[in-house]
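Single-structure report; data block below.
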Amino acid sequence: MSDLVDLLREGLPEAAVVVDPDVTAAYRQDMAGFCESGAPAVLVFPDTVEQVRHVLRSATALRVPVVPQGARTGLSGGANAVDGCILLSLVRMNRILEIDPVNRIAVVEPGVVNAELSRAAGAHGLTYPPDPSSWESCTIGGNIGTASGGLCCVKYGTTSEYVLGLDVVLADGELLRTGRRTAKGVAGYDLTRLLVGSEGTLGVVVGATLALRPTPPPQLALAAEFPSTEAACAAVCAVMEAGYTPSLMELMDTVSVRAVNALAQMGLPDSTAALLLIAFDTLDPVADLAAAGEICTAHGATEVVPAADSAESELLLQARRLSLTAMDRLGTTMVDDVAVPRSALAAMISGVAEIAERFDLTIGVVAHAGDGNTHPVVVFDADDPDETARARESFDAIMALGLDLGGTITGEHGVGLLKRDWLARELGPVGLELQRRVKAAFDPLGLLNPGKVL
């Protein structure tokens, strides 16, 4: 290891190269459960592109694996260390280099926190729409690595739709620039979209050119209580079929509703089997909310509560924002991420309830209902080996259910370690082999985030 550390220090400040095992151990993994992590050889904190290039050249010279990291808020094990690796933390590359209100773009380094970019863009009357629930702490580089989503995806889409170009350091230290600054561009293969969602297995993102949008009007929300998840899901489909485009459409099942009630005493009746939250940021959100409310009532909603202003909207949405915290109080949690066609949402949620009963577990579901992205949250006692095993089995059953319904094993959290074995089933042998060839073209020595995704 001394040769590696000496070589790294030739191109990095001494303080940026950390070998203290207590410190490196704190960076071994992200927030995913059921994912192993190895013992890193060294942790580095570069703050320039040239320093990142030096790290990759050093790794190639000594054949040492490299695991890129951001804020480590991921939920798939994609940032977990492997034995003997260089942990490459990019959190110090956190500068917003440019905001261009004419071309509506931002140029940023990977360590910029999502919320900080949103606030900076807001000063120019613009917004960066992707909003993962961890947006106050997660970084743009991590968002790009997993092609993350958020609450607004039903209207504004995911990270991949806002990345125009990337600066990427390849495994051998070469610097690749992809994409463009222009509104349109179709020259050559779209390497930018290939790199978005690649979880650090093809290259290390050191810069990004991102599309911005005009700041929308403040959104107004409603909350609709339903006696069954089937009725709530039918209302979701009816709102979308009627041609409306909400800025947010979130669903909570009875398990998550009761957990939030217990945490925050929000006064939701125990008879609420599903809570549907719908918001609009249109020019006339009051009219759109009224129409959506009528659709909810027609599909069996027992109560529909529209907000009068933005402050009331935030109060209504608080239930959704508290859902994971509330579920965490029930035990150790494993957050799943399965997306299905919107028309299959009811079957997905009812299927998860059957899985919970089969494995004798508590599993709550919150969903980005507008785009069919569900987050089943498995609750278990980590000190009980039998219950832990059942939790892992229930996870696999949920994966299988999602695929059987025509869905995908991950809508926004990524594959990482957690879902690597399931990716082969989703892609099929031809797709899997082709992806492995792509990996080999970018990283012939297999040094970049080995063991993740493929």
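Residues: numbered from 1 along the sequence shown. Scope of the values below: all heavy atoms of this structure, side chains included, with no hydrogens, waters or symmetry mates.
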Would you say the side-chain atoms of N114 pair up with the backbone N or O of P132, donor to acceptor, closer than 3.5 Å? no

Applying side-chain contact (heavy atoms from CB on, under 4.5 Å) to L345 and S343, what does each step give before you reach the verdict? CA-CA 6 Å; L345 186 60; S343 57; over 6 Å; no

Looking at CE of M334 and CG of L75, how far apart are the two atoms once the value is rounded to the nearest 0.5 Å? 11.0 Å

Examine distances only and state if a side-chain atom of E225 and a backbone atom of T302 form a donor-acceptor pair shorter than 3.5 Å. no

From CG (L88) to CZ (F45), nearest 0.5 Å: 10.0 Å

When you measure from the side chain of N449 to the backbone of K452, do you find a donor-acceptor pair of N or O atoms at a distance under 3.5 Å? no

Using side-chain heavy atoms (C-beta onward) and a distance below 4.5 Å, is P110 in contact with T139? no

If I take atom OG1 from residue T209 and atom CD from residue E98, how far apart are they, to the nearest 0.5 angstrom? 8.0 Å

Measuring from atom OG1 of T73 to atom CE of M31, what distance do you get when rounded to the nearest 0.5 angstrom? 7.0 Å

For residues I398 and I355, determine if any side-chain heavy atom of one lies less than 4.5 Å from a side-chain heavy atom of the other. yes

Cation-pi between R72 and Y27: NZ/CZ under 6.0 Å from ring centre and within 45° of the ring axis? yes

Does any N or O in the side chain of R213 come within less than 3.5 Å of the main-chain N or O of P129, such that one atom is a donor and the other an acceptor? no

If you count heavy atoms of other groups shown closer than 6.0 angstrom to CZ of R95, is the number above 12? yes

Answer with yes or no whether the side chains of E426 and T408 bring together a donor and an acceptor at under 3.5 Å. yes

For A208 versus L166, what's the shortest heavy-atom pair and its separation? CB-CD2, 3.8 Å

Can you confirm whether V67 sits close enough to N80 that some side-chain heavy atom of one is under 4.5 Å from a side-chain heavy atom of the other? no

Do the charged groups of R119 and E136 touch, with an N to O distance under 4.0 Å? yes

Distance-only donor-acceptor check, side chains T159 and N143, under 3.5 Å: no

Quick one: does any side-chain atom of R104 pair with a main-chain N or O of P214 as donor and acceptor, under 3.5 Å? no

Indicate the ring-plane relationship of H375 and H413, choosing parallel, tilted or perpendicular according to the 30° and 60° boundaries. parallel

Chi angles and distances behind the side-chain contact (heavy atoms from CB on, under 4.5 Å) call for L324, D328: CA-CA 6 Å; L324 183 55; D328 281 339; 4.1 Å; yes

Closest heavy-atom contact between D371 and C153? OD2-CB, 3.1 Å

Within-4.5 Å side-chain heavy-atom neighbours: F280 and L220: no

So CD of Q29 and CG of L87: to nearest 0.5 Å the spacing works out to 11.0 Å

Ignoring hydrogens, what is the shortest heavy-atom contact between L418 and G33? Give both atom names and the distance. CD1-O, 3.5 Å

Please report the C-alpha distance between D167 and T178 in whole Å, then the side-chain angles of each, then the deciding distance to 0.1 Å, and finally whether the side-chain contact (heavy atoms from CB on, under 4.5 Å) criterion is met. CA-CA 7 Å; D167 292 345; T178 75; over 6 Å; no

Any donor-acceptor N or O pair under 3.5 Å, side chains S256, D253: yes

Taking the side chain as every heavy atom from C-beta outward, state whether F226 and L276 have any atom pair closer than 4.5 Å. yes

E161 (side chain) donor-acceptor with G157 (main chain) under 3.5 angstrom: no

Within the structure provided, determine whether L322 and Q318 are in side-chain contact (heavy-atom separation under 4.5 Å). yes

Answer yes or no: is there a side-chain heavy-atom contact under 4.5 Å between L97 and V108? no

Tell me whether the guanidinium CZ or amine NZ of R390 lies under 6.0 angstrom from the six-membered ring centre of F359 and within 45° of its axis. no

For the pair N261 (side chain) and Q265 (backbone), establish whether a donor and an acceptor sit closer than 3.5 Å, ignoring hydrogens and angles. no

Before accepting this row, confirm whether a basic side-chain N of the pair K419/D336 lies closer than 4.0 Å to the acidic partner's carboxylate O. yes

If you define the side chain from C-beta out and look only at heavy atoms, does anything of L151 sit under 4.5 Å from E250? yes

Do you know which two heavy atoms are closest between V378 and A391, and how far apart they sit? CG1-CB, 3.9 Å

Sequence neighbours left out, cut at 3.5 Å: what donor-acceptor pairs do the side chains of residues 195-204 make with other protein atoms?
residue: S198; atom: OG; partner: L195; partner atom: O; Å: 2.6
residue: E199; atom: OE1; partner: G416; partner atom: N; Å: 2.8
residue: E199; atom: OE2; partner: V415; partner atom: N; Å: 2.6
residue: E199; atom: OE2; partner: G416; partner atom: N; Å: 3.4
residue: T201; atom: OG1; partner: S198; partner atom: O; Å: 2.7

Sidechain-backbone polar pair: D309 side chain, A311 backbone, donor-acceptor under 3.5 Å: yes

Is R425 salt-bridged to D404, cutoff N-O under 4.0 Å? yes

Using atom types as modelled and distance alone, determine if a side-chain donor or acceptor of T333 lies under 3.5 Å from a backbone N or O of V379. no

Search all heavy atoms of S228 against all heavy atoms of A274 and return the closest pair with its distance. O-CB, 3.9 Å

Between S148 (side chain only) and I144 (backbone N and O only), is there a donor and an acceptor less than 3.5 Å apart? no

Charged N-O contact under 4.0 Å between E433 and R437: yes

Please check if any side-chain donor atom of D281 sits under 3.5 Å from a side-chain acceptor atom of Y156, or the reverse. yes

Against the six-membered ring of F34, is R392 placed for a cation-pi contact (under 6.0 Å from the centre, within 45° of the normal)? yes

Value rounded to 0.5 Å, distance of CG in L90 from CD1 in I140: 13.0 Å

Distance-only side-chain donor-acceptor flag, Q219 / S247, under 3.5 Å: yes

Provide the closest heavy-atom pair for P246 versus M249 in the form atom of the first, atom of the second, distance. CG-CE, 3.6 Å

Flag for D337-N373: side-chain donor and acceptor within less than 3.5 Å: yes

Please lay out, stage by stage, how D381 and T388 fare under the test side-chain contact (heavy atoms from CB on, under 4.5 Å). CA-CA 7 Å; D381 182 355; T388 300; over 6 Å; no

May I ask you to decide whether R321 forms a salt bridge with E314, counting only side-chain N to carboxylate O separations under 4.0 Å? yes

